Amino acid sequence: MRDDIMEAICEYLLTIPGGRVVTYKQVAEYLGNPGMARVVGNYLHRNPDPERYPCFKVVNSKGKLSSQFGFGGIDAQKARLEADGVEVSDDYYVDLDKYRYKGV
DNA sequence: TAGATGACTCACA
DNA sequence: ATGTGAGCCATCT
């Protein structure tokens, strides 16, 4: 069933417009269970496929980037976000109040 | 089947 | 902003 969840995560991430980010919890809620925030992170970790899943748009509730990125480290994630128009602080923090994708 | 693990979240200090 | 403790869920061993 993990492919199902993975697909859902993929779709949700693809709905995120450029210059926007979402929290793990948001993805979990989209999957139908806010408690799956952890599982979401787990999946992205076990599926380092940025070509399909823009996981660099996913941050934790504090707006901080993941500690260890699968395809080049957190530094790569920071670069991708900045490239998308998201300001990332030197501490790898993003302003959720401005960049969090609220779903329009 | 059961126990341990983790890219999480929330509350409190 | 950081640290600790508790809760939650699917996967891995």
Side-chain angles (χ1 to χ4, degrees):
Chain A
M1 290 299 182
R2 64 183 179 187
D3 288 342
D4 252 12
I5 300 176
M6 204 64 238
E7 186 179 349
I9 295 175
C10 177
E11 279 196 54
Y12 184 68
L13 295 183
L14 291 179
T15 64
I16 305 172
R20 286 281 131 102
V21 298
V22 294
T23 68
Y24 288 95
K25 192 175 182 186
Q26 278 183 257
V27 179
E29 286 184 16
Y30 175 79
L31 298 180
N33 191 339
M36 265 176 61
R38 251 180 135 145
V39 181
V40 174
N42 235 322
Y43 271 79
L44 294 174
H45 186 201
R46 305 187 81 73
N47 293 277
D49 200 343
E51 302 284 323
R52 287 170 53 105
Y53 315 101
C55 40
F56 60 87
K57 290 182 177 178
V58 186
V59 300
N60 58 15
S61 62
K62 294 187 183 90
K64 188 153 190 291
L65 308 189
S66 319
S67 46
Q68 285 188 21
F69 218 45
F71 60 93
I74 186 170
D75 185 34
Q77 184 174 11
K78 181 173 179 293
R80 283 304 291 266
L81 287 174
E82 288 182 335
D84 264 9
V86 179
E87 286 186 78
V88 182
S89 68
D90 293 340
D91 289 334
Y92 302 103
Y93 272 90
V94 300
D95 195 331
L96 288 177
D97 197 35
K98 292 183 179 180
Y99 298 111
R100 190 165 79 94
Y101 178 52
K102 296 171 182 174
V104 187

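Everything quoted here is computed from the prediction, not taken from an experiment. Convention: sequence-line order gives letters A, B, ...; per-chain numbering from 1.
The shortest distance between the side-chain N/O atoms of A:Y93 and the OP1/OP2 oxygens of C:dT2 is below 4.0 Å.
Across all strands shown, A:N33 has heavy atoms under 4.0 Å from sugar-phosphate atoms exclusively, and none from any base. Across all strands shown, A:N60 has heavy atoms under 4.0 Å from sugar-phosphate atoms exclusively, and none from any base.
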Can I get a per-line list of side-chain donor-acceptor pairs under 3.5 Å for residues 26-41 of chain A, giving both atom names and the distance, sequence neighbours left out?
unit_1: A:Q26; atom_1: OE1; unit_2: A:T23; atom_2: N; d: 3.3
unit_1: A:Q26; atom_1: OE1; unit_2: A:R100; atom_2: NH1; d: 2.9
unit_1: A:Q26; atom_1: NE2; unit_2: A:Y12; atom_2: OH; d: 3.4
unit_1: A:Q26; atom_1: NE2; unit_2: A:Y101; atom_2: O; d: 2.8
unit_1: A:N33; atom_1: OD1; unit_2: A:G35; atom_2: N; d: 2.9

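Considering only the side chain of A:S66, B:dA7 comes nearest among B:dT9, B:dA7, B:dC8. Across B:dA7, C:dT11, B:dG6, the shortest atom-to-atom separation from the side chain of A:R46 is found for C:dT11. For A:N42, whose side chain is taken as the heavy atoms from C-beta onward, the closest listed nucleotide among B:dT9, B:dA7, C:dA10 is C:dA10.
Closest-nucleotide positions on DNA chain B for A:V39 and A:Q26 were compared, and the one nearer the 5' end corresponds to A:V39.
B:dC8 atom C1' lies 14 Å from atom CG of A:L96, rounded to whole Å. We find that CE of A:M36 is positioned 19 Å from P of B:dG6, with the value rounded to whole Å. What separates CD of A:E29 from C1' of C:dC8 is a distance of 14 Å, to the nearest Å. At whole-Å resolution of the value, CG in A:D90 and P in C:dA1 are 13 Å apart. Remark: P of C:dC12 and NE2 of A:H45 are 12 Å apart, rounded to the nearest angstrom. Rounded to whole Å, the distance from CE on A:M6 to C1' on C:dA10 is 13 Å. When rounded to the nearest whole Å, the span between CD1 of A:I9 and C1' of C:dC9 equals 12 Å.
Scanning all heavy atoms of the two residues, the minimum distance from A:V88 to A:K78 falls at CG1-CG, 3.6 Å.
For the pair A:F56/A:D84, a side-chain contact is recorded, criterion being any heavy-atom separation below 4.5 Å from C-beta on. The shortest distance between side-chain heavy atoms of A:Y24 and A:L44 falls below 4.5 Å. A 4.5 Å side-chain heavy-atom check between A:I74 and A:S66 finds every atom pair outside the cut-off.
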What nitrogen or oxygen pairs link the protein and nucleotides 10-13 of chain B at under 3.5 Å?
unit_1: B:dC10; atom_1: OP1; unit_2: A:K25; atom_2: NZ; d: 2.8

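Taking 3.5 Å as the limit, the base of C:dC8 and the side chain of A:R38 contain a donor-acceptor pair of atoms between them. No donor-acceptor contact under 3.5 Å links the side chain of A:Y43 to the base of C:dA10.
Applying the side chain to side chain donor-acceptor pair (under 3.5 Å) criterion to A:E11, with sequence neighbours excluded, gives no partner residue.
More than 12 heavy atoms of other residues, nucleotides or ligands sit less than 6.0 Å from atom CD of A:E82.
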